[in-house]
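These values consider heavy atoms only, across backbone and side chains, with no hydrogens, waters or symmetry-generated copies. Only a predicted model underlies this, so the values are computations on that prediction, with no experimental measurement involved.
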Amino acid sequence: MNAPWKSGLPGNRDPFAAFICDDAALDVLRPVVIELGWQPEKCNRGGLRNAVQSLSVSASPAILIVDLSESGDPLNDINALAEVCEPGTVVIAMGQVNDVRLYRDLLASGIHDYLLKPLSAQQVHDAINQALAVFTTPKMGDGDASKRHISTAVVGTRGGVGASTLATSLGWLFSDTHKLSTALLDLDVHFGTDALALDLEPGRGLTDAIENPSRIDGLFIERAMVRANDNLSILSAEAPIHHPLMTDGSAFVQLEDEFRQAFEMTVIDMPRNMLINFPQLMGDVNLVLLVCEMTLASARDTIRLLSWLKSNASHAHPMIVANKVQPGISEISRGDFESSIERKIDFVVPYDYKAACNAAKLGQVFVDANRSSKATAAIRQIAERVMGASEEDPGAIPEEKKSLLGNFDLKALLPKKNKSETETAA
């Protein structure tokens, strides 16, 4: 039953070897190795340094498991292992240190995975299966390598401006209309509505990722994400409101890394507080949609966020989307708004209360429930513009002038009463 797995392994060397420090881990590993049809004698006693000594005088296996428990300097010892390992060896490390930085450093050094002790049979089995997939998965051709992954962050300048509506709609359009594999990440861990808009249960995937970032890999993504359609998967949460968010943000960065490998498009519904608290989230974001409304407060915060992006994420191209616009009754005019932020509004989405209610009643995203709405037409234009980013160099887009909040008297943007109205009121 293991023939399909063996067929992808190199035929000129042993398929497997392990160097383990303790009997408890060996007792877990050996039955899994036997199940896969390999020799249990390849599970050797001794940790990483023993592996280095052994492999310095013998050929490397296709898959190597090494124990870091007795290593005083794991990263340095891993570098020593790399010097004796043949190219193409897939290395799985294990140890007792539960540290996100160590995990990321090990991955950066070339380790395929890191398992935390005490081991479980399922944990080991999953890790080996993922290592086997390296040999059995077809290599991407040149055509596939040229594809770009587009990551779009949707940030509301104020609460209630409709950023989540826009994020879910874009995710749906990328996946349903453009047939692109799309990940939707809702970073409002306690009060996110993206799953609700798709009529889905959010599951525990996002909270599990936050609690244990070391588990995040391709298999975790596949199991944790909830599928909305054939091409759209969502990762969100409804964490208990009495549990504060305890994370350094590394889980979110790791999720973004995995999304780049597994999907063609990523849409991040990013609350503005997450943007400020975890600026590292913007490291690989291509586009930032700043969703605003035609109010003084939104103009002020649009200026501040544009300035923040200029200083902290200059590589990400910002686009201004005015949502829920009602001509003639806005707090400030479009011209005054654009003057205050020193740039043009890229897209205007008209306010359509009935369409929003219809989407909520049907349990569908806005653009799916209201295909003929003028608001849907505007959102489709936004999706087309984001798609166009895959065909151009975002760095070639001219940068806007940096806005400084102190240059503007926002109160002066309010419509003035004329003299006759003032005299009448008196």
Between [X] and [Y], is there a donor-acceptor pair closer than 3.5 Å when you use the side chain of the first and the backbone of the second?
| X | Y | answer |
| --- | --- | --- |
| Asn358 | Ala369 | yes |
| Asp67 | Cys21 | yes |
| His317 | Asn286 | no |
| Asn370 | Ala355 | yes |
| Glu264 | Ser181 | yes |
| Thr207 | Arg204 | yes |
| Asp346 | Val321 | no |
| Lys324 | Gly160 | yes |
| Thr193 | Leu196 | no |
| His243 | His190 | no |

Quick check: do [X] and [Y] have side-chain heavy atoms less than 4.5 Å from each other?
| X | Y | result |
| --- | --- | --- |
| Tyr114 | Leu68 | yes |
| Glu256 | Thr266 | no |
| Cys292 | Phe337 | yes |
| Asp208 | Phe220 | yes |
| Leu55 | Leu64 | yes |
| Arg380 | Thr177 | yes |
| Glu331 | Met294 | no |
| Met282 | Leu309 | yes |

Next item on the list: Quick one: sort the Phe259 and Phe263 rings into parallel, tilted or perpendicular, breaks at 30° and 60°.
Entry: perpendicular
State whether the number of non-hydrogen atoms from other residues, nucleotides or ligands found under 6.0 Å of [X] atom [atom1] is greater than 12.
| X | atom1 | value |
| --- | --- | --- |
| Gln280 | CD | yes |
| Glu238 | CD | no |
| Arg334 | CZ | yes |
| Glu211 | CD | yes |
| Arg49 | CZ | no |

If every non-hydrogen atom of [X] is compared with every non-hydrogen atom of [Y], which pair is closest and at what distance?
| X | Y | value |
| --- | --- | --- |
| Ile303 | Ser340 | CD1-O, 3.3 Å |
| Gly249 | Leu281 | O-CD2, 4.5 Å |
| Ala25 | Met94 | CB-SD, 4.4 Å |
| Glu293 | Thr157 | N-OG1, 4.5 Å |
| Ala183 | Met225 | CB-CE, 4.0 Å |
| Ile379 | Val367 | CG2-CG1, 3.8 Å |

Rounded distance [0.5 Å steps], [atom1] in [X] versus [atom2] in [Y]:
| X | Y | atom1 | atom2 | result |
| --- | --- | --- | --- | --- |
| Asp194 | Ile234 | CG | CD1 | 5.0 Å |
| Glu222 | Leu219 | CD | CG | 6.0 Å |
| Ile92 | Asp113 | CD1 | CG | 6.5 Å |
| Thr295 | Ile332 | OG1 | CD1 | 6.5 Å |
| Thr89 | Leu81 | OG1 | CG | 8.5 Å |
| Ser233 | Leu185 | OG | CG | 12.0 Å |

Next item on the list: Please report the C-alpha distance between Leu305 and Leu275 in whole Å, then the side-chain angles of each, then the deciding distance to 0.1 Å, and finally whether the side-chain contact (heavy atoms from CB on, under 4.5 Å) criterion is met.
Entry: CA-CA 9 Å; Leu305 287 169; Leu275 181 77; 3.7 Å; yes
Next item on the list: Test Ser175 against every option in Asn231, Asn229, Asp230 by the side-chain hydrogen bond (donor to acceptor under 3.5 Å, both in side chains) rule and name the one that passes.
Entry: Asn229
Check: Would Glu342 and Leu306 satisfy side-chain contact (heavy atoms from CB on, under 4.5 Å), going step by step from the backbone distance to the final call?
Finding: CA-CA 10 Å; Glu342 287 191 339; Leu306 282 172; over 6 Å; no
Margin query: Let's go through Ser373 and Asp352 carefully: what are the C-alpha distance in whole Å and the side-chain angles of both, what is the deciding distance for side-chain hydrogen bond (donor to acceptor under 3.5 Å, both in side chains) to 0.1 Å, and is it a yes or a no?
Written below: CA-CA 8 Å; Ser373 167; Asp352 194 335; 3.2 Å; yes
Check: Going by atom types only, do Ser164 and Asp269 share a side-chain donor-acceptor pair under 3.5 Å?
Finding: yes
Next item on the list: May I ask you to check whether Asp126 and Gln130 show a side-chain donor-acceptor distance below 3.5 Å?
Entry: no
Item checked: Contacts of Ala228 that satisfy side chain to side chain contact (heavy atoms under 4.5 Å, CB included) - sequence neighbours left out -> Leu198, Leu200, Leu232
Next item on the list: Before accepting this row, confirm whether a basic side-chain N of the pair Asp284/Arg260 lies closer than 4.0 Å to the acidic partner's carboxylate O.
Entry: yes
Item checked: Gln254/Leu107 under side-chain contact (heavy atoms from CB on, under 4.5 Å): CA gap, chis, key distance, verdict -> CA-CA 11 Å; Gln254 182 69 14; Leu107 292 186; 4.1 Å; yes
Note to self: Could you go through Leu206 and Phe252, starting from their C-alpha distance and side-chain angles, then the distance that decides it, and tell me whether this counts as side-chain contact (heavy atoms from CB on, under 4.5 Å)?
What the structure shows: CA-CA 9 Å; Leu206 184 54; Phe252 305 132; 4.1 Å; yes
